[in-house]
Every structure is written in C-alpha cells, then in structure tokens.
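Take a look at the structure below.
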Amino acid sequence: MSDSFLTLLGAILIAGVIVLVMWPGKGLWARWQRSRQLTKRVLAEDALKHIHQGDLDGRHATVASLAGALQISMDAAAELLAQLQTDGMVEMHGGDIALTPQGRDTALHIVRAHRLWERHLADETGYDAAEWHARAESAEHALTPEEIDQLAARLGNPTHDPHGDPIPGARGTFIAHDSVPLPALAVDTPGRIVHVEDEPDVVYAQLVAEGLHPGQPVRVVEVTPQRVRFWANGDEHVLAPMLAANISVVPLAVPDETVHADGTLADLALGAAAEVVGISRSCRGSERRRFLDLGIVPGTVVSAELRSPGGEPTAYNIRGALIALRREQAERINVNFQKLAVDSK
Amino acid sequence: MTEQQSIPIQSPAACQTCPAHNAGNLLRLGVDMTEFDYVVALAGNPNTGKSTVFNALTGLRQHTGNWPGKTVQRAEGAFSFGGSKYKLVDLPGTYSLLSTSLDEEVARDFILFGQPDVTIIVVDATRLERNLNLALQVLEITDRAVICLNLIDEARRHGLTVDERRLARDLGVPVVPTAARSGEGLPDLLQAIDDVATGRFVCKPHRIRTQSRSISDAINRLAQQVEQQFPNLPNPRWVALRLLDGDQRIVEAVRKGELGDLTRPEMMEMA
Amino acid sequence: MATLALEPNGIKQDRVAALLDSAETLRWQIGQEFHEQLMEDIYTDAARIADRAVTRPDEKPRFDLDRTIDHIVTSRLWGFPLMILLFTVVFWITITGANYPSQFLSYILIDTIQPFLWNIANAIGLPWWLSGILIDGMYLATAWVVSVMLPPMAIFFPLFTLLEDFGYLPRVAFNLDNIFRKSGAHGKQSLSMMMGFGCNAAGVVATRVIDSPRERLVAIITNNFALCNGRWPTQILLATIFIGALFPVYLAGIVSALAVVAVAMLGIFLTFAVSWGLSRTVLKGEVSTFSLELPPYRPPRVLQTIYTSLIDRTLYVLWRAIVFAMPAGAVIWLIANVTIGGTSLAEYFITVLNPIGIIFGLNGIILLAYVVAIPANEIVIPTILMLTVLVYGGSGAGAGVMFELDSQLATRAILDAGGWTLLTAVCVMLFSLIHNPCSTTIYTTYKETGSRKWTAVAALLPLVMGFAVTFIVAQIWRLFSG
C-alpha cells in the first residue's frame, strides 16, 4: 500500500516539476528563453526605436525617458547611450539625443519588422488582437532583413499594419498620414479611423473591446470634456476623451453610409431578412476573404433560416445558398433590417 | 536562316484549331497528355452536381488521386468525341478563385498554367447568381470555356426558367442546359466542348465591370503594360487584376517569366 | 530573329521590373479596399446577368421540401433524437452485418488457406523457418487484418457516403457545432470522428472537409480517441471475460456492453478535452475560420456509391494489410521463434519490459505486443495470446504463432495463467483506447499535415496520456485494494 502511495507521490512531484518548467509563457523554460533574448542588442534596438518615435512625436528622447521606456536604471540607460554613440548610431547635440542616418535606418528596420509581424499575426494566424503587440515586440529582433522582405512579399507588400500605422518600405520609405486625434474631429464631419494606438495595453484592449479598428468610418456626435460620443462600426460609442485621443482619424470628403447600421446579422430574427452594410473591420485575413467569397458584400440581402438545436450556429440564406455562421461571426456583419420579410430566392 | 525559312511558321491566328493546352506545364501539374488530343478542366462551386457531370462524361474511365504535392483530391477521366480523345480533369469545387485556400490555388493554377483547351464551368441553374461569381472569375482567366447549366430539371421543378441564349450572349461563351443525373443535354455539352476545343466556336467572354473609376483606370493601364510585355497572353487583364491585389504567386510568375511560357507555343518556337 | 533582345528565359528583365514597379505604385493609389470593391463588383455583375436570364414564378411555392426536411432534422425536439436513431441504425447494421462475412473470411483465409499453404510448403520441402516466417508470420497477419477490417469497412463507409450524398451529414455538423465550438473545434469534426469509429486513418483523411487550419489539426490529432474498428474487438473480449464475468449470467451481457460503451464515451470525452486544450495552447496561433454550407438535399446514387465505395475500401484494406501488417507479421514471428541460448528474443524483451509494465497495471507481454503490433491494432490480442502461451505454456495453435480462441473460457484461462487480474484487463482496455495511433494512421497524418511536428504530437500525445491514465488507475487501485 505504501509502495503505491510513494509511487503516486513521486509521479505527482515529477509532473509538478515538468509543469513548472514547461508551462507556456510562465514556466522556467519560457523565462529562461526570455532572459536570453534580453541581450544588449535587443536593448540597443529598442533604444533606437524609442528615440525615433520621440523624433516623430516631436518630443525628444532623454536619458530619463529612455530608462522609463526600456525599464532599466538611469545608469544603465546612460551606459547604453554611450555605447550607441560609440557605434555611430546616435549623436548628442547639447542635451538632445539625435539619430545618425545609420541609427535611423536601424530604427526603421525594427519598426518595419514590428509592423509587418503584426500584419502577419492579424492576417495569417489566430492570435488575439491583444497579443499582437507583445509578440511583435520579441519577433522584431529575431527577423533578418531577408526574412522581413520575404514576409512582406508573402503578405502582398502591405502598406499599413493592423493598427493603421504605415509600414516603412524596404528602402526606408515612410508615408505618414495627416491624421488628427478623434476628439479633434469636428462634430458631424465624416472621417475614417486610420490608427488605433496599441500602447498602453490596457487602453488598447478597451478600444479593441469596443470593436474599433483602422478603416472604419466614424462620425462624431458630441465632444465634451467628459466624453466623446461618436458613430463607428454601425454602432454608437461613448469614450472618455483621454481614451478617444488614442484613435487617429482623417476627415473624409464624402460621407460613408456604412457608419450607420441597424445592427448585426446576429440580431436578425429567424425568418427575417436584412441587407448587408459591410463587414466589421475587426474581421480580417482569411475569414474576411471567405465572407466576401460567400457573397457577403454591401447590398446582399440575407435571411435567417434555421437555428441549430444547440443554440448556434444559425443558417442564413445568402445569395441562394444556405450558409451556417456562428454567432461570433454574425456579429461582425453589419446590416440594415428589412421591414418586410422578403421572399428568399 | 535559310533552313528556318523553309519551316512554315504558324501565326497565332492561323492556329485556331491547334490544341491550346500547355503540355509542359500540364505534366508538372501531374497530367500526362500523351495519347490525348485535348484536355478539359471541370470547374464549379461545391454542390452543383459537378461530380455527376464528371461521371456522366467519363463513365468508368476515371481514376482518383491527389494533386502533386497537395492533399487535395483529384479525379481524372477520359472520353472521345468526334474522333478526338479528351482528357477530363476535375478541379476542386470552390466559391471563388481570388482567395488563398489550397483548393482555390489548385484550381486557379490549373486553369492559368495548364491552359486547358476547354474549361467547363458547372453552374447550378437554381442558384445562378451565386454560381456566376466563380464563372465570371474563370472567364477572366481563360477565353475557352463552356457553361454547363446543370440541375435544369430541379430549376424547372421550382418553376424557374433560365434563358440560356440570353445567358450565352451576356457571357460570350456557349451555355448548355443539362440534367447530368438523367443524362439530359449531355450530347449538346459534348458538341459545345468540341466546338470550343477545335476553334469552331470562338468565345468572347464577358469581362468584369467595376464601378470604381480609379480601379478600372488602374486595371486598364496595368493590363496594357502586361500586354506589351507578354504579347499574345490570353488574359492580360486578369494578370493586372491579380498584381493589383498583391498576389505573390502572380508576381513570381511575372518575374520568373512563367507567364511568358503561356503565350502561344509557336512564338516560343520562333525564338 | 526576335531572340536578340531576349534574355535566356525570353523576358526582358528591366521591363519586368518596370511593370512590377508600376503595379506597386498603382496599388498605393487605389488603396486597400481594392479586393473588396472587386468582389462587390463581381457579385453586382453576376446578379445583373442572372436577373436578365432567370424568370421566377410569380408565386412562391407553398411547399418547399428541402426546408421542411431541414425544419425537422434541425428542430429542437427532433434534431438530436433523429440523429442518434440514425447512427444507432448505421452502427447496428455495420456490427451485425459484418459478423458473418468476417467469420466467413476468417474461415477461408485462416482455417482453410493457411493449412493448405503449409501442406504445399511441406510438400516442396521449404525449410521450417522460411515457411514459418512466410505463412505463420506474414500471411497470417495479413489475413487477420483483412478478415477483421474488410467487412465492417465495406458496410460502414458506403452507408456513411449515402448519408453524405443525401445531404444529411452537414446537418449533423450543424446540430453539433455548438458543442464542438466550445471546445475550440469545428462541427464537421463530428463527421471525421464518426469516420474514426470505422478507421482512424480514414477519419484523418475525412478531416479534409474542415477548411479551417486550426480546427483541422485539432480534428486530426484527436481522431485517435475515436475507438476504431480494430480496437472494438479487444474491448468487447476483455469486457466480456473479465468485467461481465463478475456479474450473474443474466446481467453479464448488459454489464460488459456498458463497459465497452463507457470506454467509447471516455474516448469522446477525451476528444473534447484534448481539443479544448490544444486549441488554447499549442494550436493557438493557427488560423481559425468557420463556414458550413448546408447543401440542398439530393437523392443519393445508391448503386454507384456502393460500387465505388466497395472498390475503394477493399483496395485500401488490402494496401494497408500488405504494406503495414505483413512486415509486422514477420517481426512477430521472428521475435517469437528466434532463440538465443534456448530463450526466444520475445522472452528477453518481456523480462526487461515486465517491471515497467507492472507500474502501469500492464505487463511485459502487453507492452511488447503493443510495440510489435503498432501497424495494426487488430493483431494485438492474437499477439498477446501467442506471447503468453510462449512464456507460460498452455494450449494454443502452436508456440510462436498468433491465434485467437472461439472459447472465451479458454482465452480467460490463458490470460489467467499469464498473471492477468481485473486491474490488468481494465488497464489494457484503457490503454487500447489511449495509445499511439496505428502506423497507417501515423503515416496518413503525416501525408495530410505534411508536418513532422504535428505528426509527432498526434502520435506521442495519446501515448503519454495513456501511460498517465493507466499509471494513475493502477496505483490508486493498488492503494485501495491493499
């Protein structure tokens, strides 16, 4: 009896140790891998990226901001800067830190790698939007220039990352848009989201949860110091101005009618019909293409025909074929409900 | 030079009756054309009775396997008509040819690179609108196609009438109503295949119209350049479309000159 | 002539570069919405052309047969009961229908042809080891796989194909999708799983209907938890002679049947549990999309389906028997008959494996049988019986030859002599459900995924799980039984 007990205990111990070491993301193995990645090179590349971002935003990087961004001590940050100077990546002009052409190239390369990788995660994998940034943060240092070019080619040389940031070209070409923060868009002016800031994580997760993505048309209804009320993705949203400022928009000359929709396909009652207004921007990659292939394009009339006894999916008559969609998918299709049940073809 | 002059050089126009398929590319796609005069591809949406048409045309002269290097099933069969031997290749059933799924890639590559003498597009007469989506895309790639308007019996049962002559005029290719299950319309289908394969019927396929001015301008401009670069390519507009969509497979084909191989074979012999 | 301006492959590289450059410039100009605008245009075009060609009846027909059938087969009230009824009938036809042809094939191939082959071998004076390896090894394993596997496959798969042709199977996926969705899988996995009850290799091929990469991998890796045709006989035999035997005769039948069903249910439970785990861990990064078309109902082509299905399956079983079972037969015969110092190779292996087997509630013979019978689960029990007789002595067809007995009592007697207890039987039943797939399935998995990594996961994950489960059961059992 005690024999079995000891064997069991031993096995539980071994299993515990294995779990402790191998647990994805948090186990010892994963920690060790991460610490190995935090080499000098990675720190240097992150520092260049930080200085470059500061240049773009018009607030110059300092030793303190560098230490804060990389989460290292002031001493370590100063040491890092000295090293970058020796390598010919940065120059000091008085108190200001400035990138040399070589430093700028390296920074753009990292930015390109980061944004391409996010595009890849969005279009070609099943990872959650909230995970893209963190994954790209580590991938950007591991990709060689050749790998990046291959990736870009495979993705069809995308021009923007999934947050709407432009992806620098292979030769460092960089096209920025003349965007304004959402609260600055005049009330009732049609606009389009071009960028959703992915840092800090908490704010980004909140914006993703609201279903806000680059490419969506918006129209601001009301701006007060307390809140910004606006239409986007066929829905009305209310955000604190501080959150809303993380969304950049460009004004549009012609209003986009897809800003308004009665609701989503998921709200359609059995037997009722609706006209497709558009597919939500949160739906990307192969899923979006599949929808288009099935004929879910603006103007298509769709009727809900059958519901699975399990509760979902629901089968819709889409251009003559009976296609079952899960609730989560139907929620991504914005529609206007039709008043009368139309004879399905 | 004198030797060359003695060889009669066929101009593309004079060779309307030659087989159009690309035997070299076909072999790479796993289709051996020795002993056959023409190759016919069978395309269509899923659930349109495509396999019934396939079985009706080939009977038991068929075998199944996978596409080379792909886990996509392929059926291949044979039939004879009007003294010519035809090989029939069943393509995977797809809704479209513009996405990136394995099935679509296989079907697209076969029509583009294999250049079948005829592509039969099986459409479900009861769901014409949905099925025309694929048909229009196929007609952008190849100008040698026959529409098999299948399940016409089912359409009749539902009280639908399809004006196949109007459809043929709009699409610019022969349209044959069939009910493959009962064999209705199959002789006509065979005749239409033969007409297109031998060049007796020259298709003038419908081209997709786009509502956006900037897009149609871009397509036309690029198509012109493609045509300059690859004269006699049957589908410069479609290549332009794919380049604008950032289709890496087509970019590669342009870069490596695979597209050049798709111009009429006589041109290559000349060079 | 025209060659002068051309480079080796006949294209002017600088002009090609110019072409691609201008394509790239135009792409930036027309913007990211190009693909969507194009799809919208194609559908608008298609709708316009279709509209001009098609004349619809003025009145909508009052009766739509398809929709009526759909409302019944997917209704809350009738959906599930109909499904259960239909599949019970399919399985019942398969099991009862396969019984006679199986016995017949076994009578012909094993009881008639095998002795006949021996007579020939003796007549022409083949050395004993050659005829042993050829007839008792290779031929016997092949014949065994054919007689166990062919009849159920030849019945089950055509029935399945008929349901598919009719259009019913997508409705099954539709009904069950929600359960599969919750475990991160696709409703169509229900279909590949049911195929797996016939044969896991066929089940893995059947996952092709799942067009989402992540869900397809989930379905491939978990297919092994569907108890296949080669493992049902093991379950039934052990449940009858060990578990049913514990109860009075009038209960024995039902109890052993329940035990087998419990094992199959455990398999289904594991399918969901492992699917859930996989889609949240190792498969998290794979693309996931869902789409399921419910095609119109069409009357199935009965004769053609039966004909092609029969030919396909027969060829498949023969291929499998020859490619995988035949070499296994040779290996099994060799380890049992090659001796070193008067002790057979098998006995050496068993001595080494025995202490390991005991930890997992099994024994050395069982472990060795599972190693040499990787190619086909059908020959596990015959191999175990042969090895047990070889080591412990007793009645059998002869030392070193696989056999099965008609009498369950005699089988029990052999296993008892081999030291089997109720625990051993339970652990073997569990291990038979949860262990690496047969080599045909592993090979098919590799062909279908094209990836060594996922093939390794599919092969090793169930094996590790099997050892974990039998270990825990064995140790807890011993803890409480003292």
Side-chain angles (χ1 to χ4, degrees), chain A residues 1-8 11 15 24 121 123-128 131 135 156-160 175 214-215 278-279 285-300 305-313 315 319-329 343-345, chain C residues 24 27-28 31-33 35-36 39-40 43-44 46-47 56 60 66-67 70-71 74-80 170 173-179 181 187 211-214 279 281-296 359 468 471-472 474-480 482:
Chain A
M1 172 167 167
S2 60
D3 260 9
S4 307
F5 187 71
L6 284 177
T7 334
L8 262 179
L121 292 176
D123 289 356
E124 297 188 322
T125 72
Y127 289 111
D128 212 49
E131 279 185 56
R135 286 185 178 271
N157 295 309
T159 51
H160 292 84
I175 298 165
I279 304 171
S286 48
E287 173 131 286
R288 192 176 188 89
R289 290 197 164 216
R290 171 65 50 77
F291 279 177
L292 294 169
D293 287 346
L294 291 174
I296 304 176
V297 294
T300 302
E305 300 282 336
L306 298 169
R307 185 148 295 147
S308 161
E312 63 175 303
R319 293 188 184 255
L322 206 52
I323 309 281
L325 297 176
R326 288 175 175 172
R327 196 179 164 76
E328 182 193 41
Q329 295 178 296
D343 282 357
S344 51
K345 286 173 188 172
Chain C
E24 203 53 26
R27 280 189 66 211
W28 277 86
Q32 291 182 288
E33 305 300 313
H35 183 81
E36 280 171 41
M39 285 310 289
E40 198 180 325
Y43 267 108
T44 313
R56 291 172 189 288
K60 198 186 175 187
D66 270 34
R67 222 28 59 84
D70 267 340
H71 279 298
T74 67
S75 78
R76 273 176 183 277
L77 187 63
W78 296 108
F80 290 121
F174 180 69
N175 286 347
L176 292 174
D177 182 65
N178 206 17
I179 312 170
R181 181 186 65 83
D211 44 17
S212 170
R214 184 200 288 173
S279 61
T281 54
V282 285
L283 292 179
K284 204 160 106 182
E286 300 290 324
V287 177
S288 161
T289 64
F290 175 83
S291 81
L292 173 62
E293 180 178 353
L294 305 180
I359 302 175
F471 173 80
I472 292 167
Q475 298 306 327
I476 291 181
W477 187 294
R478 286 177 189 144
L479 198 61
F480 286 103

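Only a predicted model underlies this, so the values are computations on that prediction, with no experimental measurement involved. Convention: sequence-line order gives letters A, B, ...; per-chain numbering from 1.
- Proximity to chain C (any heavy atom under 4.5 Å) is shown, for Arg326(A), by both the backbone and the side chain.
- Using a 4.5 Å cut-off between heavy atoms, Ser75(C) contacts chain A through its backbone alone, with no side-chain atom that close.
- Ile476(C) is linked by a side chain to side chain contact (heavy atoms under 4.5 Å, CB included) to Leu8(A), Ile472(C), Phe480(C), counting only residues two or more places apart in sequence or in another chain.
- At a threshold of 4.5 Å between non-hydrogen side-chain atoms, the residues Arg289(A) and His35(C) count as touching.
- Only the side chain of Arg214(C) comes within contact range of chain A, with at least one heavy atom under 4.5 Å from a heavy atom of that chain.
- Interface check for chain A: of the options Thr44(C), Leu77(C), Ile359(C), Asn178(C), the most heavy-atom pairs under 4.5 Å are formed by Asn178(C).
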Could you please spell out the steps behind the side-chain contact (heavy atoms from CB on, under 4.5 Å) verdict for Arg290(A) and Asp211(C)? CA-CA 10 Å; Arg290(A) 171 65 50 77; Asp211(C) 44 17; 3.3 Å; yes
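- Using modelled atom types and a 3.5 Å distance limit, the side chains of Thr300(A) and Arg319(A) yield a donor-acceptor pair.
- Only the side chain of Gln329(A) comes within contact range of chain C, with heavy atoms under 4.5 Å apart.
- With sequence neighbours excluded, the residues satisfying side chain to side chain contact (heavy atoms under 4.5 Å, CB included) with Ser308(A) are Pro313(A), Phe174(C).
- Counting all heavy atoms, side chain and backbone alike, Ile296(A) lies closest to Ile279(A) at O-CD1, 3.6 Å.
- Your options are Leu306(A), Ile323(A), Leu325(A), Val297(A), and the one with the most heavy-atom pairs under 4.5 Å with chain C is Leu306(A).
- When heavy atoms are compared at a cutoff of 4.5 Å, Arg307(A) approaches chain C solely by way of its backbone atoms N, CA, C and O.
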